[in-house]
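Everything below concerns the one structure shown next.
Here is the naming used below: chain letters follow the sequence lines, and residue numbers restart at 1 for every chain.
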2 protein chains.
Amino acid sequence: MLYYCEKVVKSMRLTVYTDYSLRTLIYLGAKNEDELTTIQEISDAYNISKNHLMKVTHQLGQLGYIETIRGRGGGIRLAKLPKAITIGEVVRQTEEDFHLVECFDPASNMCKIAPACQLKGVLAEALQAYLAVLDRYTVEDFLGNRDLLMQLLQ
Amino acid sequence: MLYYCEKVVKSMRLTVYTDYSLRTLIYLGAKNEDELTTIQEISDAYNISKNHLMKVTHQLGQLGYIETIRGRGGGIRLAKLPKAITIGEVVRQTEEDFHLVECFDPASNMCKIAPACQLKGVLAEALQAYLAVLDRYTVEDFLGNRDLLMQLLQ
DNA sequence: GTTAAAGATGTATATTATATATTGCTTTTA
DNA sequence: TAAAAGCAATATATAATATACATCTTTAAC
C-alpha cells in the first residue's frame, strides 16, 4: 500500500453513491415482485443515511430502473425484471464521468504531450475491459441466495 | 454526466500521482539511455509541481524503475529498458489500494449482506480485466513517436 | 574545504470531491 | 385534513488529494 504524506492513497474506487444504487437494486430484487418498499426500510436494513439514499432512489427512478410511488402507502419497486438490469449499465449511468486521467477531458487537459501520447487510448481500452465484465452480469445473478440475503437484512 | 449537489461526480480515476509517474517514465524513456535528467527539467516540461514530482520520482527510485543520483550534476534516468517496464505493474504499485467499494476492506466494511453478496467478486473480476489490459503494454509502446514527443516537451 | 546543485524527507496547507444533514416542499390516501 | 411518503435545493462536514514549504543530505566543481 502506498503511503503518501502518511495518508493512504485510495483510487479507482466507485462512489458510495454507485454502491448504494447497486445495493438498492439488489434489495428490491430480493423482494417479491410488485411489493412496495420504503426508502426508510432500506436505509434501516443497510444502516445507511436515508437522505443520501433518497437521492440515489430518485435517480434510479429517473433512469427507469425503479418505480417510485409518492404519498402515504407509497414506496419503490423495480420497474424491470432483475435479469433485465445489467450491472455495467447501472455503473455507467451512476458514474458516467470516467476521466481516468487529466487528458480524458480536453477542456481541462494541460498535459503538453497529449497530441502524441498513446496512454489515453490504452487506459480507455482498459476501462472498456472493466465495464465489459460488468456488462455480463445482471441483478438476477446476485439473487441466488435470496433467503440468506433477506435474513441478513433483518 | 451525473450532477450531484450541483457538483460533478468523478470516479474510477487514477491519482495525479500515478499520472505523473507514467509521464516521468515516458519522458525518461524518450531520452537517450544513460543521459541524466533533473526533476526540474521534467517539471518545467510538463509545467507541474516540482515538489510533488519529487515524491513521485523518489518512489519510482525505491521501486527500482529509475536510478536517482544525488548531488551536483546528479539527476534521474531509467534503471530498466523501456520494454521491461509494464504499465500494469507501475499502476499496481503506485496505487495499490484498489478498494472499489466498502466491502473490499474487511476492516471497514459495514455492509450487512457482505457474506452473501456476490458483487464484490464481480467487481474484482472487472478490476482484473482492467489491469490485464495495462499488463499488455510497456513504456516502449509509448515511444513510437519519440521525436514528436520531445518536440512537444520543449 | 566551501559552495552550489541536486535529490530526500517530513510537515503543513489548500483544494477538491464526496458524503451527509437540514429544511421545506409536493403528492396521495386513510 | 393530517400523516406518510417521496422531491428538491442547499448547506455543512469529512475525507482524500495535491501542492507548498522548510530543512535536510549528498556530491561535484571550484
Side-chain angles (χ1 to χ4, degrees), chain A residues 1-21 23-24 36-44 46-62 66-77 94-95 97 99 101-102 105 108 110, chain B residues 1-21 23-24 36-44 46-62 66-77 94-95 97 99 101-102 105 108 110:
Chain A
M1 193 175 305
L2 165 66
Y3 281 86
Y4 169 58
C5 290
E6 310 215 336
K7 282 174 197 157
V8 181
V9 174
K10 297 175 178 180
S11 264
M12 287 293 297
R13 286 174 315 160
L14 294 175
T15 55
V16 170
Y17 195 99
T18 294
D19 187 9
Y20 288 1
S21 295
R23 288 199 215 180
T24 299
L36 283 174
T37 303
T38 65
I39 293 175
Q40 185 72 60
E41 178 183 331
I42 300 178
S43 75
D44 286 347
Y46 285 115
N47 197 29
I48 58 182
S49 157
K50 183 190 165 193
N51 296 291
H52 201 196
L53 199 54
M54 214 159 231
K55 293 188 208 302
V56 170
T57 54
H58 180 233
Q59 199 206 14
L60 288 175
Q62 299 274 310
I66 66 174
E67 192 184 350
T68 61
I69 293 146
R70 293 173 72 156
R72 189 167 184 160
I76 58 179
R77 66 184 158 210
T94 53
E95 38 195 309
D97 172 9
H99 289 166
V101 288
E102 181 185 305
D105 180 16
S108 68
M110 297 290 288
Chain B
M1 193 175 306
L2 165 66
Y3 282 85
Y4 170 58
C5 290
E6 308 216 336
K7 283 174 198 157
V8 181
V9 174
K10 297 174 179 181
S11 265
M12 288 293 298
R13 286 174 315 161
L14 294 174
T15 55
V16 170
Y17 195 100
T18 294
D19 187 11
Y20 288 1
S21 295
R23 288 199 215 181
T24 299
L36 282 174
T37 304
T38 66
I39 293 175
Q40 185 73 60
E41 178 183 330
I42 300 178
S43 75
D44 285 348
Y46 285 116
N47 197 29
I48 58 182
S49 158
K50 183 190 166 194
N51 297 290
H52 202 198
L53 198 54
M54 213 158 233
K55 292 188 206 302
V56 169
T57 54
H58 180 233
Q59 200 206 12
L60 288 175
Q62 298 276 309
I66 66 175
E67 194 184 350
T68 61
I69 293 146
R70 293 173 71 155
R72 187 164 186 160
I76 58 178
R77 66 183 157 211
T94 53
E95 39 195 310
D97 173 8
H99 288 166
V101 288
E102 182 185 304
D105 180 16
S108 67
M110 297 290 288

request  = May I ask you to verify if any side-chain N or O of A:T15 is less than 4.0 angstrom from the OP1 or OP2 atom of C:dA17?
outcome  = no

ask   = What's the CD-C1' distance between B:Q62 and C:dG7, to the nearest Å?
value = 12 Å

task = Please name all residues satisfying side chain to side chain donor-acceptor pair (under 3.5 Å) with A:D44, sequence neighbours left out, ordered by chain then number.
result = A:Q40

ask   = Given atom CG of A:L60 and atom P of D:dG6, what is their separation to the nearest angstrom?
value = 13 Å

message = Using the side-chain heavy atoms of A:V16, tell me which of these nucleotides is nearest: C:dA19, D:dC7, C:dG7.
response = C:dA19

request  = Return the value, rounded to whole Å, for the distance between atom CD1 of B:I48 and atom P of D:dA20.
outcome  = 11 Å

message = Tell me the interatomic distance from A:D19, atom CG, to C:dA19, atom P, rounded to whole angstroms.
response = 9 Å

key: Per B:T38 side chain, nearest of listed nucleotides C:dA8, D:dA20, C:dA6   = C:dA6

ask   = At under 4.0 Å between heavy atoms, what does A:G75 touch on the DNA or RNA strands: base, sugar-phosphate, or nothing?
value = sugar-phosphate

note = Side-chain atoms of A:H52 come closest, of C:dT11, C:dA19, D:dA18, to C:dA19

request  = Verify the contact: side-chain N or O of B:T68 to OP1 or OP2 of C:dA8, cut-off strictly under 4.0 Å; return yes or no.
outcome  = yes

Pairs under 3.5 angstrom, nitrogen or oxygen only, protein versus nucleotides 25-29 of chain C, please.
{"from": "C:dT26", "atom 1": "O2", "to": "A:R70", "atom 2": "NH2", "distance (Å)": "2.7"}
{"from": "C:dT28", "atom 1": "O2", "to": "A:R72", "atom 2": "N", "distance (Å)": "3.3"}

request  = Quickly work out the B:N51 CG to C:dA14 P distance and round it to whole Å.
outcome  = 15 Å

key: By side chain to side chain contact (heavy atoms under 4.5 Å, CB included) - contacts of A:Q62 (at least two apart)   = A:H58

remark   = Hits for side chain to side chain donor-acceptor pair (under 3.5 Å) against B:T18, two or more places apart or cross-chain, chain-then-number order -> B:T15, B:T94, B:E95

A:I48 side chain reached by A:R23 side chain, heavy atoms, under 4.5 Å = yes

task = Mind calculating the distance between NZ (B:K50) and C1' (D:dC21) to the nearest angstrom?
result = 12 Å

query = Which whole-number value in Å describes the distance from A:K55 NZ to D:dA9 P?
reply = 10 Å

message = When you measure from the side chain of A:Y20 to the backbone of A:H52, do you find a donor-acceptor pair of N or O atoms at a distance under 3.5 Å?
response = no

message = Between C1' on D:dG6 and CD on A:E67, what's the gap in Å once rounded to a whole number?
response = 13 Å

query = Quick one: is D:dA8 close enough that its OP1 or OP2 comes under 4.0 Å of any side-chain N or O from A:H58?
reply = yes

key: Residues forming a side chain to side chain donor-acceptor pair (under 3.5 Å) with A:E67, sequence neighbours excluded   = A:R77

Results of side chain to side chain contact (heavy atoms under 4.5 Å, CB included) for B:T68 - residues two or more places apart only = B:I66, B:I76

